[in-house]
K.L.:
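First the structure, which I've put down as structure tokens, then a few questions once you've had a look.
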Protein chains: 2
Amino acid sequence: MLFDLPAIADLSDSALTQRLQAALDHKTKPLGALGRLEALALRIGQILGSERPRLEAPQMLVCAGDHGLAARGVSAYPSDVTWQMVENFLAGGAAVSVLARQHGLALTVVDCGVARAFAPRAARPGQPQLVLKSVAPGTTDASVGPAMTEAQCAQALANGREVVRSLPGNALLLGEMGIGNTSVASLLLARLCGVPLEQGIGAGTGLDAAGLARKRAVLQQALQANAGATTPLQALAALGGFEVATLTGAVLQAAAERRVIVVDGFITSAAVLVASALAPQVLQRCVFAHRSGEPGHTRMLAHLQAEPLLDLGLRLGEGSGAALAWPLLESACALLRDMASFASAGVAQQGS
Amino acid sequence: MLFDLPAIADLSDSALTQRLQAALDHKTKPLGALGRLEALALRIGQILGSERPRLEAPQMLVCAGDHGLAARGVSAYPSDVTWQMVENFLAGGAAVSVLARQHGLALTVVDCGVARAFAPRAARPGQPQLVLKSVAPGTTDASVGPAMTEAQCAQALANGREVVRSLPGNALLLGEMGIGNTSVASLLLARLCGVPLEQGIGAGTGLDAAGLARKRAVLQQALQANAGATTPLQALAALGGFEVATLTGAVLQAAAERRVIVVDGFITSAAVLVASALAPQVLQRCVFAHRSGEPGHTRMLAHLQAEPLLDLGLRLGEGSGAALAWPLLESACALLRDMASFASAGVAQQGS
């Protein structure tokens, strides 16, 4: 596949890591008492290359696309809900819209390949923006052949890189919308991590038992119809979706630019799975926001050796979990920057 | 004990609950897809008696006190660190100071009985305030007799009520500072919940194995020396601390006023334990912010049938966990107030 993989440096810097750890250890608190906030502060410091990291102009990037598989009844909702929800994101009524406003996250929604076309609209400062990067009006049904051609997949990857290049700031929050895309995540989990479908699928937006059985059968067909797609990029093209491929490109670009990447749930984790299979250093830049209620996500997180910040039974997507976790990243940075040390505050240390 | 228990109404209101649940169910998301955020929104709506709840003028109340037990070596830090950390809270350098600034929480620190006296200082708008409500310069060593007299305990309870009455807003976040106070929480857990000391104590601010063995032995002595203190108020006086008793009064007052009460970790949960033993409806007003790394907290949460929002291995106290969880409460309210319904957004519902 003709895809230009950006150079992604190894961030391991033991001198900086030691300085960050020393700074945390001298803060006015017992050693390690801020628990996982300390590891989070350390990670953000490493990504941004600073002992006093500051998150700037955070961008919530919501990628949307439709899926040929949806016609096979793998979702509780009709495909057109993808289009309807994008309009809802832009109108400000969706969960991610509300949370982005709450936390001052600039919201960009990308049409990566939604079945119904959007009218172009003028960007208004401070309002959500729609970026038109549709590769095609939905993928092909993966249960009968590849969801995308290699050229389409390469185009979506390049689109993701280009969109991120156009956005300011040093933090990227990942979101998505696409009726049927938990199926895509389950397929990529099965193919790239070897997790059996039975362990990697769930009810998505609300399938009943019969719907779940149908989903399993359809996904089994998709794996068989694309048995030869075994490399990460082949699997992405054959089993993925336009929004997942665009997100994969976005993750690679953000990693190359040393942005902090805040991963939402099952579908955005699937994009990180593909990106990290291409360039493992991607994971050094990732903060996993939450553990989804979708069972495959726990298997995927285990594969990525990721421990998410929140575990609230969310299964909405959109970037809602990433937005909910965002203040914890801000807190980690503020604590690292602004807490006093024992010496500066005149507080006695342990055992003194 | 002469203590004026405020009237705390039962908030169960099935009509409001049904309206809140219906509002959540009609938001543009699959049923239940916001997971525990939905239960949180429902609870806050119930407490504030509104389908469009809005949190106003949130108050972080940090109660500080010293403990006679500390002289027995139950903590890794000397008692004077209580005083030093209060100065650090007020100077803005502690974790709770940083987090309160981040989230716009007004910070009030109460000297409930710190060993070293504080100079009174003028309140400055927008700055942390110190409230002087010291019952005595530290409790008596509970391993040889009651930590407080009944009159002292009643005074601390009344102080907590009075402080809350003086604060604006409809949400109270609980914090504390007191070298030795994980011992107090473990003692109350043992006495009021019947949890054996071995299961209810931990390293606190950082005891080693020998220190932990010493702590266990000292706490065993305290339970024996106060074997007759079996009611909640008797146990609070005999085994508690001035900050825990003041917090207990604060919780009762906040509950009576239908404020949202955000519970921090092990020590503030101990205050809620006592308050809810006196008036079970207190728990209807509580949101448990996090699960502490201190093992006794998990036992206490189980007794209170509470499921905290965060589980980040925090063991700092101060109210730091309550402050970290605060944006989730704001999010729950914003989602309930501001998300579109399927009808208003023109989005197709499940199965349609």
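Just so we're on the same page: letters track the sequence lines, and every chain starts at 1.
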K.L.:
Is it the backbone or the side chain of A:Leu40 that comes under 4.5 Å from a heavy atom of chain B, or both, or neither?
P.N.:
neither

K.L.:
Rounded to the nearest 0.5 Å, what separation is found between the CD atom of A:Glu38 and the CG atom of B:Leu314?
P.N.:
9.0 Å

K.L.:
May I ask you to test the B:Leu335-A:Leu99 pair for a side-chain heavy-atom distance under 4.5 Å?
P.N.:
yes

K.L.:
Report which part of B:Asp311 has an atom under 4.5 Å of a heavy atom belonging to chain A: side chain, backbone, both, or neither.
P.N.:
backbone

K.L.:
Can you say whether A:Arg337 sits under 4.5 Å from chain B via the side chain, the backbone, both, or neither, judging by heavy atoms?
P.N.:
neither

K.L.:
B:Tyr77 versus A:Pro30: any side-chain heavy-atom pair under 4.5 Å?
P.N.:
yes

K.L.:
For A:Ala334, which atoms come within 4.5 Å of any heavy atom of chain B: side chain, backbone, both, or neither?
P.N.:
both

K.L.:
What part of A:Val81 gets within 4.5 angstrom of chain B, counting heavy atoms only: side chain, backbone, both, or neither?
P.N.:
side chain

K.L.:
Apply side-chain hydrogen bond (donor to acceptor under 3.5 Å, both in side chains) to B:Arg121 and list each qualifying residue two or more places apart in sequence or on a separate chain.
P.N.:
B:Glu87

K.L.:
Considering all heavy atoms of both residues, which atom of A:His103 and which atom of B:Ser331 are nearest to each other, and what is their separation?
P.N.:
NE2-OG, 3.9 Å

K.L.:
To the closest 0.5 Å, what do you measure between CG (A:Leu34) and CG (B:Leu324)?
P.N.:
7.5 Å

K.L.:
Quick one: CG on B:Asn88 to NZ on A:Lys29, what's the gap to the nearest 0.5 Å?
P.N.:
12.5 Å

K.L.:
May I ask you to decide if A:Ala345's main-chain N or O and B:Gln84's side chain share a donor-acceptor pair within less than 3.5 Å?
P.N.:
no

K.L.:
Looking only at heavy atoms, which two atoms of A:Arg101 and B:Asp338 are closest? And how far apart?
P.N.:
NH2-CB, 4.0 Å

K.L.:
Specify which of A:Gly32, A:Ala91, A:Ser344 makes the most heavy-atom pairs with chain B at under 4.5 Å.
P.N.:
A:Gly32

K.L.:
Sort B:Glu307 into side chain, backbone, both or neither according to what part of it lies under 4.5 angstrom from a heavy atom of chain A.
P.N.:
neither

K.L.:
Can you tell me which portion of A:Leu328 sits under 4.5 Å from chain B's heavy atoms? Options are side chain, backbone, both or neither.
P.N.:
side chain

K.L.:
Is it the side chain or the backbone of A:Phe342 that comes within 4.5 Å of chain B heavy atoms, both, or neither?
P.N.:
side chain

K.L.:
Side chains of A:Met339 and B:Ser97: closer than 4.5 Å at any heavy-atom pair?
P.N.:
no

